[in-house]
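To find a chain, count down the sequence lines: A is the first, B the second, and so on, and within it residues start at 1. Basis for what follows: all heavy atoms, side chains included, without hydrogens, waters or symmetry-related copies.
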Number of protein chains: 2
Amino acid sequence: MICGMSEPAAAESRDDGDLQPEADVFARRCTSRATLQTVTGRWGILALAALSEGSYRFNALRRRVDGVSERMLSQTLQALERDGLVHREVLEAIPPRVEYSLTPLGIEVANRLLDLIELVESHMPEVHAAQQDYDARRRRPL
Amino acid sequence: MICGMSEPAAAESRDDGDLQPEADVFARRCTSRATLQTVTGRWGILALAALSEGSYRFNALRRRVDGVSERMLSQTLQALERDGLVHREVLEAIPPRVEYSLTPLGIEVANRLLDLIELVESHMPEVHAAQQDYDARRRRPL
DNA sequence: CGGGATCCGAGACGATACTG
DNA sequence: CAGTATCGTCTCGGATCCCG
């Protein structure tokens with residue numbers, strides 16, 4: 001089973017969404033849902049999208065992803081590295097130098113994200129119109 | 001400019017990421033980033049993915065998206081409706097009946113999300129292997 | 001330069017109760 | 001059935017200080 005999250009001794013197989021042969025994001029405890037979150041999280045998307053342009057050093061990436069704090073970028077990169085999407089290479093030098101780049105899987109994921117980003121960006125006028133429409137209708141329900 | 005968020009009287013144009021002719025998720029205050037978050041948020045993805053299977057009523061959708069609370073589903077659907085991705089239709093009847101479905105734009109977005117979901121699900125074995133590798137290396141740094 | 005450790009507020013989230 | 005309201009919890013995320 002792909003969905004399994006081998007927890008030491010908590011909540012054994014009384015669930016039904018746990019015995020599936022394949023990953024299913026709709027199942028509550030499926031690990032694919034967690035992975036999807038690290039990928040689509042607030043900073044995960046942007047980090048992957050930025051790294052799809054090429055490798056970055058920590059602070060360069062921080063400047064590229066406008067608004068991210070050191071802490072969150074560090075956390076995000078660790079999560080992405082753990083899931084095998086980002087490769088971290090420490091270059092022995094003074095001052096320290098660390099290069100981040102995408103793994104093959106990371107590239108695949110990033111490509112999908114870029115598709116999505118491009119789609120959303122190109123349709124922002126529609127979205128803004130819908131928002132104004134919605135907000136107007138909510139102030140005067142009818 | 002697409003990135004603009006017309007705020008009454010706060011933080012005028014001393015920013016640089018605000019005068020662009022196009023949307024850019026990398027810019028801190030770009031509205032496309034917010035939209036991307038409602039779309040890729042924890043429940044947003046799953047709601048859109050579920051609705052790509054066809055229209056759903058509120059509680060049916062709640063059952064489909066395993067683990068979501070009434071509150072969060074309601075919030076998520078409102079955000080998606082506001083951005084013009086989900087259509088909400090109230091059928092006058094007793095008991096009340098509300099159908100949720102995707103708009104044309106919502107379908108486009110959902111398709112991209114399904115691509116991403118499928119990719120992630122199919123690579124979960126790789127991800128799990130990477131995680132175990134990472135965790136093992138962190139316990140014994142070298 | 002590339003982070004880790006800590007503190008703390010804001011918002012996400014879930015459970016429950018209530019309404020039309 | 002389809003939500004809203006309220007509350008308490010808990011994680012996210014920013015600011016700051018610190019170290020190699």
Side-chain angles (χ1 to χ4, degrees), chain A residues 10-11 15 28-29 33-34 36-47 50-51 55-82 86-101 134 137-139 141-142, chain B residues 11 28-29 33-34 36-47 50-51 55-82 86-101 134 137-139 141-142:
Chain A
D15 281 301
R28 186 184 338 214
R29 296 175 55 246
R33 205 185 261 192
L36 204 61
Q37 268 312 289
T38 79
V39 163
T40 63
R42 182 172 177 190
W43 303 118
I45 300 186
L46 298 176
L51 288 173
S55 65
Y56 272 94
R57 293 175 56 188
F58 187 84
N59 279 326
L61 189 56
R62 180 155 144 64
R63 282 187 292 274
R64 179 66 177 127
V65 180
D66 189 28
V68 68
S69 67
E70 290 183 4
R71 185 170 120 89
M72 293 318 297
L73 182 57
S74 177
Q75 273 188 20
T76 301
L77 289 172
Q78 281 179 33
L80 291 174
E81 187 195 358
R82 190 174 108 94
V86 161
H87 175 66
R88 180 174 184 271
E89 184 170 11
V90 182
L91 306 176
E92 296 298 343
I94 295 176
R97 191 187 178 91
V98 180
E99 290 276 349
Y100 290 92
S101 56
Y134 182 89
R137 271 186 287 108
R138 300 239 42 177
R139 265 192 292 277
L142 287 182
Chain B
R28 183 182 345 210
R29 294 174 58 246
R33 207 186 260 192
L36 205 61
Q37 267 313 288
T38 78
V39 163
T40 62
R42 181 173 176 190
W43 303 118
I45 300 186
L46 297 176
L51 286 173
S55 66
Y56 272 94
R57 293 173 57 187
F58 186 85
N59 279 326
L61 189 56
R62 180 154 143 63
R63 282 185 292 273
R64 179 68 177 126
V65 181
D66 188 31
V68 68
S69 66
E70 290 183 5
R71 188 168 117 88
M72 293 318 297
L73 183 57
S74 178
Q75 271 187 26
T76 301
L77 288 172
Q78 281 179 33
L80 291 173
E81 187 194 358
R82 190 174 108 95
V86 161
H87 175 65
R88 179 175 183 271
E89 185 171 10
V90 182
L91 305 177
E92 296 299 343
I94 294 176
R97 192 185 177 91
V98 181
E99 290 276 350
Y100 290 91
S101 57
Y134 183 89
R137 270 186 290 107
R138 301 240 39 178
R139 265 193 291 279
L142 285 182

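Taking atom CZ of residue B:Arg42 and atom C1' of nucleotide D:dT11, one finds them 10 Å apart after rounding to whole Å. Here C:dG3 presents its P atom at 13 Å from CZ of A:Arg97, a figure rounded to the nearest Å. A:Asn59 has its CG atom 9 Å from the P atom of C:dG3, to the nearest Å. The CD-P distance, from A:Gln78 to D:dC12, rounds to 13 Å in whole Å. Rounded to whole Å, the distance from CD on B:Glu81 to C1' on D:dG3 is 13 Å. Taking atom CD of A:Glu92 as the reference point, atom P of C:dC1 lies 18 Å away to the nearest angstrom. A:Trp43 has its CH2 atom 10 Å from the C1' atom of D:dG14, to the nearest Å. Rounding to whole angstrom units, CE of residue B:Met72 and P of C:dC13 are separated by 4 Å.
Within the 4.5 Å cutoff, the side chain of A:Arg33 has heavy atoms near those of the B:Asp66 side chain. Proximity of A:Leu73 to A:Trp43: side-chain heavy atoms (C-beta onward) are nowhere separated by under 4.5 Å. Within the 4.5 Å cutoff, side-chain heavy atoms of B:Leu77 are placed close to those of B:Leu61.
Regarding contacts with the backbone of D:dA2, every side-chain N or O of B:Arg71 stays at 4.0 angstrom or more from both OP1 and OP2. For B:Arg57 and D:dG3, the shortest distance from a side-chain N or O to OP1 or OP2 is not below 4.0 Å. Applying the 4.0 Å criterion to OP1 and OP2 of C:dG2, one finds that A:Ser74 has every side-chain N and O outside that range. Phosphate contact (OP1/OP2 of C:dC1, side-chain N/O of A:Tyr100, threshold under 4.0 Å): absent. For A:Ser69, no side-chain nitrogen or oxygen approaches OP1 or OP2 of D:dA15 to under 4.0 Å.
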(message) Show, in sequence, the C-alpha distance, side-chain angles and deciding distance for B:Glu99 and B:Arg57, and conclude whether the side chain to side chain contact (heavy atoms under 4.5 Å, CB included) test is met.
(response) CA-CA 5 Å; B:Glu99 290 276 350; B:Arg57 293 173 57 187; 3.5 Å; yes
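B:Arg62 comes within 4.0 angstrom of nothing in the nucleic acid, heavy atoms only. Residue contacts for B:Gly41: at a heavy-atom cut-off of 4.0 Å it reaches no nucleic acid atom on any strand shown.
Checking A:Gly67 against A:Glu70, the closest nucleotide of DNA chain D that is more toward the 5' end is the one next to A:Gly67. Checking B:Pro96 against A:Phe58, the closest nucleotide of DNA chain C that is more toward the 5' end is the one next to A:Phe58.
Between atom CG of residue B:Leu51 and atom CZ of residue B:Arg64 there is a gap of 10.5 Å, rounded to the nearest 0.5 Å.
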